[in-house]
**Q** 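Pasting a structure below so you can have a look.
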Amino acid sequence: MKVQIQNLILNFISENPGTQISAVVKSMPDVDRSSVSSALTRLTMQGKINRRTGVNNRFCYTIAAGEPVPVVAIPAPVHVPTAVPKQQIISPEEWERRFSKAEELLVKGLSRRANQAFLELLDVTSETTLREKIVSCRSRCGSRPSGDSSTVAGHFVGVGLI
């Protein structure tokens, strides 16, 4: 990979003599700036390119005299499509059935199961008002404090003497 980056940099500098690091980085959007900087330093130390101070004390790079430039085809950027999961579509009757089942679980005190049912229903709901309704129902599934102030997470911690 290092050699490939170096060859790409040599090609770019041969086509654009006197270029600065920012231009080299822009020409290779898939390569980190630090990798480009390291490759430029390596090429300078190997004597393949010359580095001189240019405008605003920024380094400018040129190909060293007599240095052969490898012919490398610049790869086209590869676009990887991101997978968008398809949303399952259910009928309004099925939605109502699932919603009433989740509410029944909540009334029975099975808050974890109700919460899971609401989450599954949220996954197949795209309408904003229905999603808000589900979110408000899920907020009722939260944990309820058990015991009085002398308990923490159900464990007795003592009673204050004031």
Side-chain angles (χ1 to χ4, degrees), residues 1-16 19-43 49 56 58-59 61 69-162:
M1 183 69 175
K2 289 180 185 179
V3 173
Q4 183 182 9
I5 292 172
Q6 288 178 0
N7 288 341
L8 289 172
I9 290 172
L10 285 171
N11 275 341
F12 183 78
I13 293 174
S14 69
E15 294 170 2
N16 305 292
T19 190
Q20 295 179 349
I21 187 172
S22 57
V24 178
V25 170
K26 286 179 185 175
S27 73
M28 293 187 279
D30 297 338
V31 182
D32 292 337
R33 182 181 180 90
S34 61
S35 298
V36 172
S37 178
S38 297
L40 285 169
T41 302
R42 253 185 264 112
L43 288 168
I49 60 174
N56 296 330
R58 302 186 89 186
F59 292 123
Y61 297 93
V69 178
V71 177
V72 178
I74 298 175
V78 178
H79 174 62
V80 179
T82 56
V84 177
K86 290 185 178 180
Q87 189 173 20
Q88 179 185 0
I89 299 173
I90 59 172
S91 67
E93 295 82 20
E94 175 68 14
W95 191 93
E96 283 295 330
R97 187 190 68 74
R98 288 186 186 188
F99 186 79
S100 60
K101 180 67 177 173
E103 282 187 320
E104 288 174 17
L105 291 170
L106 188 58
V107 169
K108 290 179 184 177
L110 303 171
S111 60
R112 286 186 182 178
R113 288 181 58 195
N115 191 28
Q116 182 63 34
F118 282 128
L119 281 174
E120 289 172 0
L121 191 56
L122 196 61
D123 285 342
V124 295
T125 305
S126 60
E127 191 176 323
T128 306
T129 55
L130 295 177
R131 291 178 67 83
E132 289 172 353
K133 186 176 179 181
I134 294 169
V135 169
S136 69
C137 289
R138 279 195 66 225
S139 67
R140 295 185 314 197
C141 294
S143 62
R144 293 179 174 82
S146 62
D148 57 10
S149 62
S150 64
T151 62
V152 174
H155 299 290
F156 181 71
V157 292
V159 179
L161 299 174
I162 296 181

**Q** Taking the side chain as everything from C-beta on, heavy atoms only, tell me whether N16 gets closer than 4.5 Å to V24.
**A**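 No, too far: nothing below the 4.5 Å cut-off.
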
**Q** Determine yes or no for a side-chain-to-main-chain donor-acceptor pair under 3.5 angstrom, with R113 supplying the side chain and L105 the backbone.
**A**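 Side chain of R113 to backbone of L105: no pair is present.
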
**Q** Identify the heavy atoms of Q6 and A39 that sit nearest to each other, and give their distance.
**A** CG-CB, 4.1 Å

**Q** Checking R140 against E103 for the side-chain contact (heavy atoms from CB on, under 4.5 Å) test, could you report, in this order, the C-alpha distance in whole Å, the side-chain angles of both residues, the deciding distance, and whether it holds?
**A** CA-CA 10 Å; R140 295 185 314 197; E103 282 187 320; 4.0 Å; yes

**Q** Does any part of the side chain of E132, heavy atoms only, come nearer than 4.5 Å to the side chain of T128, both counted from C-beta?
**A**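 With C-beta onward as the side chain, the pair touches.
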
**Q** Between E120 and Q116, is any pair of side-chain heavy atoms under 4.5 Å apart?
**A** yes

**Q** Could you grab the distance from atom OH of Y61 to atom CD1 of I13, nearest 0.5 Å is fine?
**A**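 Between Y61 OH and I13 CD1, I get 7.5 Å after rounding to 0.5 Å.
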
**Q** Measure the CG-CD1 distance between L10 and I49 for me, rounded to the nearest 0.5 Å.
**A** 7.0 Å

**Q** Please examine the side chains of V36 and D32, heavy atoms only from C-beta on, and report whether any two atoms are closer than 4.5 Å.
**A** no

**Q** Apply the test side-chain contact (heavy atoms from CB on, under 4.5 Å) to residues I21 and F59: give CA-CA distance (whole Å), side-chain angles for both, the deciding distance (0.1 Å), then the verdict.
**A** CA-CA 7 Å; I21 187 172; F59 292 123; over 6 Å; no

**Q** Any donor-acceptor pair under 3.5 Å linking the side chain of T125 with the backbone of L121?
**A**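 Yes, T125 side chain to L121 backbone: donor-acceptor pair under 3.5 Å.
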
**Q** Any sub-3.5 Å donor-acceptor pair from R131's side-chain atoms to L122's backbone N or O?
**A**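 Yes, because the side chain of R131 sits within donor-acceptor range (under 3.5 Å) of the backbone of L122.
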
**Q** I need the minimum non-hydrogen distance between N11 and S14, along with the two atoms involved.
**A** O-OG, 2.7 Å

**Q** Where do L110 and E104 land on the side-chain contact (heavy atoms from CB on, under 4.5 Å) test, with the steps shown first?
**A** CA-CA 9 Å; L110 303 171; E104 288 174 17; over 6 Å; no

**Q** Out of curiosity, F99 CZ to I134 CD1, how far, rounded to the nearest 0.5 Å?
**A** 7.0 Å

**Q** Once rounded to the nearest 0.5 Å, what's the spacing between atom CG of L119 and atom CG of N115?
**A**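 Between atom CG of L119 and atom CG of N115 there are 5.0 Å.
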
**Q** Would you confirm whether S38, through its side chain, and S34, through its main-chain N or O, come within 3.5 Å as a donor-acceptor pair?
**A** yes

**Q** I need the minimum non-hydrogen distance between A114 and A102, along with the two atoms involved.
**A** CB-O, 3.5 Å

**Q** Would you call M28 and F12 a side-chain contact if the rule is heavy atoms closer than 4.5 Å?
**A**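 Sidechains of F12 and M28: no contact.
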
**Q** Atom CD1 in I9, atom CG in L43: separation rounded to 0.5 Å?
**A**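 Result: 6.0 Å between the selected atoms.
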
**Q** I need the S37 OG to R42 CZ distance, nearest 0.5 Å.
**A**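 Separation between the atoms: 9.5 Å.
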
**Q** Looking only at heavy atoms, what is the nearest atom pair of L106 and F118, with distance?
**A**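 The answer is CD2-CE1, 4.4 Å.
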
**Q** With the threshold set at 4.0 Å, does a side-chain nitrogen-carboxylate oxygen contact exist between E94 and R98?
**A** yes

